[in-house]
Amino acid sequence: MTRFFDPGLSALEPYVPGEQPKGIDNLIKLNTNESPYPPCPAAVQALGRRQAEDLRLYPDPACSGLVDAIAGFYGVHTDQVVTGNGSDELLAFLFRGFCPGGAVFADVTYGFYPVFAAMFQRPVTIVPLREDFTLAPADYASKTGTVFIANPNAPTGLALALDQIREVLEQDRDRLVVIDEAYVDFGARSAVPLVRDYDNLVVVQTFSKSRQLAGARLAFAISNPALAAELNTLKFSFNPYSVNRAALAAGEAAMRDREYFDKTRRAIMSDREYTAESLRAMGFHVLESKANFIFAAPNGISAGDYFAALRQRGIIVRYWPDSPRIRDYLRITIGTHDQMASLIRATEEILREVN
């Protein structure tokens, strides 16, 4: 550590993203929960020559067109919507500005939560998931600090029902609850309708998964207008131009194209069930996912050996060997049907070799 670095951050362990391999042909990449489908045609068309020429100009700091599209889709007012450069930016603002009493989150959840807490030096209360990886709302009843819940959770894919989220909200109306809905469009129910009844709720969503714009870095939060205004204060104090012109154009088009949105998410949900059932038939333990991935423990082979054997066959999934609670599991992103069929064939071959 240099003498210039804040000693309070000397123990900071940065978030480790999933591998983004380069220069490998015919790779089946199922490790970072990206969509296997391209952006909707309207989004591609929006990224035309006019947008390229207009890159010399700053983007609209209010993100007006995109905000209108989001508000229309969810049936909320525009003053309830805040946009950001990916959900991680919005989550960072929430940790920085809305956690004076600390942060509360599960022991197995999105890996950026403890990083943000450490970076902004927020005290943390960890609430362990139950043995079956479910999140029990009752476990949060006596906890103080801002609650962060990924729903569906990552990397398990399990989701709370709306009445369970309502239970957490009712436990303490003076405690803020952030529901991180990166994967909600693949079978769970969004908490956005609860914003009407609870002024202690912020819902965060991303365009990276169900709207195929991971590379655009685009997200939004929905809350009551007062919370949204405060979140915007943080955004404009940090970077009022954090959402670029290309992302604004593509995001607005994607949000307005409901047909493509529904078509692609239905395809992913169908292939998720196909993959889960196929692996269960081979003895795998697969959790009931409501996300665009599955969380699976192999049978007859260790998770580490299965991970390595898939890698040898050009299939990359996500594995956490240094995390005791989940090192027997792998997270497998749902790709196209052909990609998932290749995974199943490779798994059958691996198990035959082992046995």
Side-chain angles (χ1 to χ4, degrees), residues 16-38 108 110-111 131-133 152-159 182-183 186-187 208-210 212 214-215 263-355:
V16 180
E19 181 184 0
Q20 296 286 359
K22 297 179 177 60
I24 303 177
D25 295 332
N26 301 318
L27 183 72
I28 298 178
K29 187 174 179 296
L30 306 176
N31 67 325
T32 50
N33 300 340
E34 297 145 318
S35 174
Y37 301 106
V108 178
Y110 183 33
E131 187 176 351
D132 61 357
F133 294 115
N153 194 22
T156 65
L158 299 176
Y183 305 103
F186 300 104
S208 295
K209 318 300 181 183
S210 58
Q212 300 87 27
K263 176 184 175 181
T264 51
R265 70 191 186 98
R266 280 197 300 262
I268 288 171
M269 287 189 285
S270 175
D271 285 319
R272 179 187 67 206
E273 300 314 307
Y274 156 72
T275 305
E277 290 170 8
S278 298
L279 292 176
R280 288 186 185 118
M282 289 183 267
F284 280 50
H285 177 61
V286 184
L287 273 61
E288 293 290 343
S289 173
K290 296 295 184 182
N292 68 336
F293 57 82
I294 57 174
F295 199 54
N299 177 48
I301 183 174
S302 71
D305 288 344
Y306 179 54
F307 172 81
L310 286 175
R311 178 72 186 234
Q312 290 174 353
R313 289 163 174 80
I315 302 173
I316 300 181
V317 297
R318 195 78 191 267
Y319 177 48
W320 292 270
D322 299 324
S323 299
R325 280 205 72 182
I326 60 174
R327 62 186 172 201
D328 292 333
Y329 288 78
L330 302 103
R331 192 191 68 192
I332 303 170
T333 301
I334 303 303
T336 65
H337 185 77
D338 287 346
Q339 288 175 327
M340 304 323 293
S342 294
L343 172 84
I344 297 304
R345 287 193 299 270
T347 303
E348 292 170 340
E349 180 181 303
I350 290 166
L351 294 181
R352 281 197 301 268
E353 290 180 0
V354 169
N355 296 320

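Because the structure is predicted, anything quoted here is derived from the model rather than measured. Note that the numbering runs from 1 along the sequence shown for the chain.
- Between A276 and V286, the shortest heavy-atom distance links the atoms CB-CG1, 3.9 Å.
- Ion pairing of K29 with E34 is present here, as a side-chain N (NZ or NE/NH1/NH2) and a carboxylate O approach within less than 4.0 Å.
- The distance from atom CG of L30 to atom CG of L330, rounded to the nearest 0.5 Å, is 11.5 Å.
- Ion pairing between a basic and an acidic side chain is recognised when a charged N comes within 4.0 Å of a carboxylate O; R318 and E19 show no such pairing.
- In the model, Y306 has a side-chain atom that pairs as donor or acceptor with a side-chain atom of T347 under 3.5 Å.
- Atom CD1 in I315 sits 4.5 Å away from atom CD1 in I28 (nearest 0.5 Å).
- Within the 3.5 Å criterion, the main-chain N or O of V108 finds a donor-acceptor partner in the side chain of N153.
- Summarising the geometry of G335 relative to M340, their closest heavy-atom pair is N-SD, 3.0 Å, with the distance given to 0.1 Å.
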**Item:** Evaluation steps, side chain to side chain contact (heavy atoms under 4.5 Å, CB included), between Q20 and T32
**Value:** CA-CA 8 Å; Q20 296 286 359; T32 50; 4.0 Å; yes
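- Taking the six-membered ring for Trp, Y183 and F293 have ring centres closer than 6.0 Å.
- A296 and P298 make their closest contact through O-CD, 3.8 Å (heavy atoms, listed as atom of the first residue, atom of the second, distance).
- Atom CZ of R325 sits about 10.0 Å away from atom OG1 of T156, to the nearest 0.5 Å.
- Under the side-chain contact (heavy atoms from CB on, under 4.5 Å) criterion, A341 pairs with Y274, R345, sequence neighbours left out.
- For E131, the CD atom is loosely surrounded, since the number of other residues' heavy atoms within 6.0 Å does not exceed 12.
- Counting only heavy atoms from C-beta outward, the side chains of I294 and R331 never approach each other to under 4.5 Å.
- Summarising the geometry, atom NE2 belonging to H337 is positioned 14.0 Å from atom CD1 belonging to I268; distances are rounded to the nearest 0.5 Å.
- For the pair P155 and I326, the minimum side-chain heavy-atom distance is below 4.5 Å.
- Within the 4.5 Å cutoff, side-chain heavy atoms of L310 are placed close to those of V317.
- Of all non-hydrogen atoms in A303 and Y319, the two that sit nearest each other are CB-CE1, 3.7 Å.
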**Request:** Evaluate the side chain to side chain contact (heavy atoms under 4.5 Å, CB included) criterion for residues L279 and I332: first the C-alpha distance (whole Å), next the side-chain angles of each, then the deciding distance (0.1 Å), finally the verdict.
**Result:** CA-CA 11 Å; L279 292 176; I332 303 170; 4.1 Å; yes
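- Atom CG of residue L343 and atom OG of residue S278 lie 9.0 Å apart, to the nearest 0.5 angstrom.
- Inter-residue side-chain proximity for P152 and L158 is flagged as unmet; no heavy-atom pair is nearer than 4.5 Å.
- With sequence neighbours excluded, the residues forming a ring pair (Phe, Tyr, Trp, His ring centres under 6.0 Å) with Y329 are F133, F295, listed by chain and number.
- Listed here is the closest heavy atom pair of N299 and G283: CB-O, 3.1 Å.
- One finds the CG atom of N33 at 9.0 Å from the CD1 atom of I334 (value rounded to the nearest 0.5 Å).
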**Asked** Does the pair I301 and L351 meet the rule for a side chain to side chain contact (heavy atoms under 4.5 Å, CB included), with working shown?
**Response** CA-CA 8 Å; I301 183 174; L351 294 181; 4.0 Å; yes
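- Counting only heavy atoms from C-beta outward, the side chains of I350 and R313 approach each other to under 4.5 Å.
- Within the 3.5 Å criterion, the main-chain N or O of Q212 finds no donor-acceptor partner in the side chain of S35.
- Contacts classified as salt bridge (Lys or Arg N to Asp or Glu O under 4.0 Å) and involving residues 264-279 (residues at least two apart or in different chains) are given here: D262-R265.
- Taking each heavy atom of Q339 and P36 in turn, the nearest pair found is OE1-CB, 4.0 Å.
- A salt bridge links E288 to R280: at least one charged side-chain nitrogen sits closer than 4.0 Å to a carboxylate oxygen.
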**Request:** Report the C-alpha distance between F186 and K209 in whole Å, list the side-chain angles of each, state the deciding distance to 0.1 Å, and finish with yes or no for side chain to side chain contact (heavy atoms under 4.5 Å, CB included).
**Result:** CA-CA 9 Å; F186 300 104; K209 318 300 181 183; 3.8 Å; yes
